[in-house]
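Just below is one structure, and these are the notes that go with it.
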2 protein chains.
Amino acid sequence: MTKKSASDAAELPLNRIIDGDCIEVMNGLPEASVDLVFADPPYNLQLRGDLHRPDNSKVDAVDDHWDQFASFKVYDDFTRAWLAAARRILKPNGAIWVIGSYHNVFRMGAELQNQGFWILNDVVWRKSNPMPNFRGKRLTNAHETLIWASRSEEAKYTFNYEALKALNEGIQMRSDWVLPICTGHERLKDENGDKAHPTQKPESLLHRVILGTTNPGEVVLDPFFGTGTTGAVAKMLGRDFIGIEREAAYREVAEKRLAKVRKFDKEALIVSTSKRAEPRVPFGQLVERGMLRPGEMLVSPRGKRAKVRADGTLIADDVKGSIHQVGAALESAPSCNGWTYWHFKREGKTIPIDILRQQIRSELG
Amino acid sequence: MTKKSASDAAELPLNRIIDGDCIEVMNGLPEASVDLVFADPPYNLQLRGDLHRPDNSKVDAVDDHWDQFASFKVYDDFTRAWLAAARRILKPNGAIWVIGSYHNVFRMGAELQNQGFWILNDVVWRKSNPMPNFRGKRLTNAHETLIWASRSEEAKYTFNYEALKALNEGIQMRSDWVLPICTGHERLKDENGDKAHPTQKPESLLHRVILGTTNPGEVVLDPFFGTGTTGAVAKMLGRDFIGIEREAAYREVAEKRLAKVRKFDKEALIVSTSKRAEPRVPFGQLVERGMLRPGEMLVSPRGKRAKVRADGTLIADDVKGSIHQVGAALESAPSCNGWTYWHFKREGKTIPIDILRQQIRSELG
DNA sequence: ATGAGTCCTGAATCAGAAG
DNA sequence: CCTTCTGATTCAGGACTCA
């Protein structure tokens, strides 16, 4: 037994990118040898026609061959196979992270459970700057979902509670993470200046995952390595990585990227967090929350009146619109701060609606 | 056909709470009769003895080595059965919302897809005041997941885009909703002062769902009615509801609650609508009515010119056709909204032709 | 240098009526 | 069922230009 684990460790191709199909490659690695798997598999988007922005520019969609699957059945078979291969190489106390969108994440989550993984959290990556919904036909798809699961219910998984709490300004880290998408200098470009990979993940996301659920010196394996964000962050944080990627172009970009990465010194690991701006509170939320009732009248200091509608707009005489628009129209002013302009009545008192906004903000912390 | 739909409508037990198992009850309702299903099914996979098979037999506690698989199997059977029953009673253009946590939502989402529902969005309810993780062993579980799906890929589902945008102060609504959990006076208590239901959902959540994805007068069915949040909000918003609940204690609380609910006044229920919903005005009508003269020149923002012809088409250089076709051709764009693209001149001013359309529409009332 | 203004882009299951 | 045609629709942030 001792011999086995020792030789296994020696055989592990650490800090390298392996060329090949991830299922075959994982099946060729020694079992129970990896501490964490991070997997960003194809999402199986099933896009139909082209999509244009209102300015007529075309959206550069993910239409790569590797995201095409003939059916749910084919996708499920693929998912079952790579998850089983990942589970075999995980140490008994190992864990896995997967990321996906509504196209594939439900199928992945169900299969994780079927195989005996134990879900610890589902985590929502709330994008601060998502692509809008250009046709106005659905909600802006502003998040992706990660699932964090241990290899089994009995696993003593790693969780650096205090580190994540510190990262969150001393407050316990929640299951929703607000992080920007990968743009700017961090976004890798090819020789033409186009994005090197259609779905490069931000390092901030991997930072939180690796810092929170592995210890320095442990091994993180990414079966869909792409441009190597997992490897880059693992290296910075003093973890070993194994990348598997079958597209030569991605491997090449990742190799160059990794060569430039420097491990942080310990002091640098203390992350500075930016001050948060005061959260925007839409007026509609006062209506949804029942603080104001649709049909209720608001009054201005000089006695103008308007009625609240169910969608958070106001209506007064022939004017309708937001609290700001209606206020401005009634005062024939170019603009108006509806929050201080409008008041509601409670028990004979006239109270500015801004009080209600402050109440919501205080709840948000 | 006419007879059928008329009698179906008559048979629907509107604005009532039906006692019984939701699968049986739904199977007893006429098919294609409901506009929206909102479902908050049991989350618990570990079967504390209150889960039933599709045939309504009670599930025995599982005590063997197959526990986990058997539990998922039974939960999946249950999910498959109630989703199929819900799908049968949905109108062809109907839609469904389900809510769950990581314990069950992946299995529900996969089954939705398997049955042919078409996922439109997954929505994250981000709780502003979640229960902390007391042991510090995981991330604070601070959200739940909703899935919004149409009955089929082809369904013309209802989405009140402008209303939700208004609710969010003019910015399109995203897939992550920050709302507080149900507490305070909204949280229903039993005669002992204990909470009447363990998982009562906030009305704000249902407000957004029902306002955004149904129209006034439509029918919303909730197969796991509980204390009746769905019914209460549907009533406020002028929608009809059907509730199904097999626990007498919940039905009793819900009945009392619903009796107190008042519908919002009609004017408050009129929400912002998109231009799409307004009557179509052919460009030729502006010519017929003499608002524009044949031979008159129109100009684009960037100085392109086209001449109005008597039949309501335009001609520019070698291009002729509708206002949209000529605009698209001159801009080499895949499409063009001629109403906002073309302008005419009056008294030295350049005015978009859309002004004239608005004039006609306002005459139409 | 700084700031205002412009342009570009991101895992997207993105139309519907009329003929 | 098909095809044709109208015409509605975007937020945040980084890069870049120009005064």
Side-chain angles (χ1 to χ4, degrees), chain A residues 40-64 66-69 72 99-105 125 127-145 178 180-187 189 193-195 197-202 224 226 280, chain B residues 93 113 117-122 148-150 153-157 159 161-162 165 168 170-175 273-284 312-313 321-325 327-328 333-342 353-354 357:
Chain A
D40 180 13
Y43 286 10
N44 187 23
L45 287 187
Q46 308 168 66
L47 301 177
R48 302 292 192 249
D50 288 341
L51 179 65
H52 292 86
R53 298 185 177 80
D55 65 3
N56 267 326
S57 64
K58 192 174 163 211
V59 173
D60 184 16
V62 178
D63 53 2
D64 305 75
W66 48 254
D67 197 43
Q68 308 301 322
F69 294 84
F72 281 136
I99 180 167
S101 66
Y102 64 82
H103 309 82
N104 70 325
V105 77
W125 168 27
K127 303 178 185 182
S128 56
N129 50 347
M131 180 154 47
N133 185 296
F134 296 115
R135 307 296 294 264
K137 300 307 293 180
R138 303 182 179 191
L139 302 163
T140 304
N141 198 357
H143 74 276
E144 294 188 25
T145 303
V178 181
I181 60 176
C182 184
T183 58
H185 294 301
E186 191 186 324
R187 188 82 193 219
K189 304 290 195 301
D194 299 324
K195 57 189 175 193
H197 190 284
T199 71
Q200 187 183 339
K201 297 292 175 290
F224 308 96
R280 198 175 59 87
Chain B
N93 290 330
Q113 292 180 311
F117 286 98
W118 192 244
I119 297 182
L120 300 167
N121 278 115
D122 58 334
W148 174 37
S150 58
E153 185 177 353
E154 298 74 32
K156 290 178 186 138
Y157 55 91
F159 181 51
Y161 173 75
E162 292 292 344
K165 189 173 170 179
N168 196 31
I171 295 166
Q172 67 178 200
M173 186 69 81
R174 300 168 37 119
S175 57
T273 55
S274 75
K275 285 186 190 170
R276 261 188 281 258
E278 295 184 63
R280 203 177 75 87
V281 175
F283 175 73
T313 57
S322 72
I323 51 172
H324 316 294
Q325 289 167 334
S335 71
C336 169
N337 183 344
W339 289 107
T340 52
Y341 180 76
W342 291 112
I353 59 174
D354 203 33
R357 180 171 66 161

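These numbers come from a predicted model, not from an experiment. Proteins come first, then strands; the chains are lettered A, B, ... in the order of their sequence lines, and each starts at number 1.
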Inset, instruction - Check every strand shown and say whether A:Thr183 touches a base, only sugar-phosphate, or nothing at a heavy-atom separation below 4.0 Å. - result: sugar-phosphate

Inset, instruction - Report which part of the nucleic acid A:Asp40 touches: base, sugar-phosphate, or nothing (heavy-atom distance under 4.0 Å, all strands). - result: base

Inset, instruction - For DNA chain D, note the earliest and the latest nucleotide, 5' to 3', having some atom under 4.0 Å of a heavy atom belonging to chain A. - result: D:dG7 to D:dA15

Inset, instruction - Scan B:Lys165 against the nucleic acid and name what it touches under 4.0 Å (heavy atoms): base, sugar-phosphate only, or nothing. - result: sugar-phosphate

Legend entry - Length of the CZ-P vector between A:Arg53 and C:dT9, whole Å: 7 Å

Legend entry - Rounded distance in Å between the P positions of D:dT10 and C:dG16: 15 Å

Legend entry - Protein-nucleotide distance (A:Asp194, atom CG; C:dT9, atom P), rounded to Å: 9 Å

Legend entry - Side-chain donor/acceptor contact of A:Lys137 with base of C:dA12 under 3.5 Å: no

Inset, instruction - Quickly work out the A:Phe134 CZ to C:dC14 P distance and round it to whole Å. - result: 13 Å

Legend entry - Sugar-phosphate, base or nothing in reach of A:Cys182, heavy atoms under 4.0 Å: nothing

Inset, instruction - If the plane angle is over 60° it's perpendicular, under 30° parallel, otherwise tilted; pick one for B:Trp339 and B:Phe283. - result: perpendicular

Legend entry - Euclidean distance, atom CG of residue B:Asp122 to atom P of C:dA12 [Å, nearest integer]: 14 Å

Inset, instruction - Take the protein atom CG of A:Asp55 and the nucleotide atom C1' of C:dT6, then report the distance between them rounded to whole Å. - result: 12 Å

Legend entry - Touch class at under 4.0 angstrom, heavy-atom based, for A:Asn44 against every strand present: nothing

Inset, instruction - Just call it for B:Ser322: base, sugar-phosphate, or nothing, with non-hydrogen atoms closer than 4.0 Å on any strand. - result: sugar-phosphate

Inset, instruction - For B:Glu153, answer base if it contacts any base atom (sugar-phosphate contacts may also be present), sugar-phosphate if it contacts only those atoms, and nothing otherwise; contact means non-hydrogen atoms under 4.0 Å. - result: nothing

Inset, instruction - Considering non-hydrogen atoms only, spot the tightest contact between A:Pro198 and A:Trp66 and give its length. - result: CG-CZ2, 3.6 Å

Inset, instruction - Specify the closest pair of heavy atoms between B:Ala328 and B:Cys336, including all atoms of both residues, with the distance to one decimal. - result: N-CB, 3.4 Å

Inset, instruction - Could you check B:Gly170 against B:Arg276 and say which one's nearest nucleotide on DNA chain D is further toward the 5' end? - result: B:Arg276

Inset, instruction - With heavy atoms under 4.0 Å as the rule, sort A:Leu47 into base, sugar-phosphate or nothing. - result: base

Inset, instruction - Classify the nucleic acid contact of B:Thr340 as base, sugar-phosphate or nothing, counting any heavy atom under 4.0 Å across all strands shown. - result: nothing

Inset, instruction - Measure across A:Asn133 and A:Leu139 and return the closest heavy-atom pair with its distance rounded to 0.1 Å. - result: ND2-O, 4.0 Å

Legend entry - Audit row: A:Lys195, A:Gln200, side-chain contact (heavy atoms from CB on, under 4.5 Å) steps and yes/no: CA-CA 9 Å; A:Lys195 57 189 175 193; A:Gln200 187 183 339; over 6 Å; no

Inset, instruction - Pick base, sugar-phosphate or nothing for B:Ile323, based on heavy-atom distances below 4.0 Å to the nucleic acid. - result: nothing

Inset, instruction - Could you measure between the two P atoms, the one in C:dA11 and the one in D:dA15, and give it in whole Å? - result: 16 Å

Inset, instruction - Take atom C1' in C:dA1 and the same atom in D:dC18, then report the distance between them in whole Å. - result: 14 Å

Legend entry - Donor on one side chain, acceptor on other, A:Ser101 and A:His103, under 3.5 Å: yes

Legend entry - Non-hydrogen side-chain atoms of B:Asn337 and B:His324 separated by less than 4.5 Å: yes

Please tabulate, for side-chain N and O atoms in residues 273-281 of chain B, each donor-acceptor pair with protein atoms closer than 3.5 Å (sequence neighbours left out).
{"residue": "B:Ser274", "atom": "OG", "partner": "B:Arg276", "partner atom": "N", "Å": "3.2"}
{"residue": "B:Arg276", "atom": "NH2", "partner": "A:Arg135", "partner atom": "O", "Å": "3.2"}

Legend entry - C:dA15 OP1/OP2 closer than 4.0 Å to side-chain N/O of B:Lys156: no

Inset, instruction - Verify the ring-centre separation between B:Trp148 and B:Phe159: is it less than 6.0 angstrom? - result: yes

Inset, instruction - Only stems of 3 or more consecutive Watson-Crick or G-U pairs count here, both distances under 3.5 Å; name the ones for DNA chain D, or none. - result: C:2-10 with D:11-19, C:15-19 with D:2-6

Legend entry - Spacing of A:Asn133 atom CG relative to C:dA11 atom P, expressed in whole Å: 15 Å

Inset, instruction - Look at all strands and tell whether A:Pro180 reaches a base, only sugar-phosphate, or nothing, counting heavy atoms closer than 4.0 Å. - result: nothing

Inset, instruction - Give A:Gly100 one of three labels, base, sugar-phosphate or nothing, depending on what nucleic acid heavy atoms sit under 4.0 Å from its own. - result: nothing

Legend entry - Nearest non-hydrogen partners of A:Lys201 and A:Thr199, listed with the distance: NZ-O, 3.0 Å

Legend entry - Interatomic distance where CD belongs to A:Glu186 and P belongs to C:dT9 [whole Å]: 19 Å

Inset, instruction - Return the value, rounded to whole Å, for the distance between atom CZ of B:Arg280 and atom C1' of C:dG16. - result: 12 Å

Legend entry - Considering all heavy atoms, the nearest B:Ser175-A:Ala142 contact: OG-N, 2.8 Å

Inset, instruction - Please state the C1' separation for the pair D:dT9 and C:dA12 - nearest whole angstrom. - result: 14 Å

Legend entry - Nucleotide nearest A:Ile181 when distance is taken to its side chain, options C:dG10, C:dC14, C:dA12: C:dG10

Inset, instruction - Under 4.0 Å between any heavy atoms, over every strand shown, what does A:Pro202 touch: base, sugar-phosphate, or nothing? Just pick one. - result: nothing

Legend entry - Sugar-phosphate only, base, or nothing, as touched by A:Gln200 at under 4.0 Å among non-hydrogen atoms: nothing

Inset, instruction - Looking only at non-hydrogen atoms, find the nearest pair between B:Ala149 and B:Ile119 and report the distance. - result: CB-CA, 3.9 Å

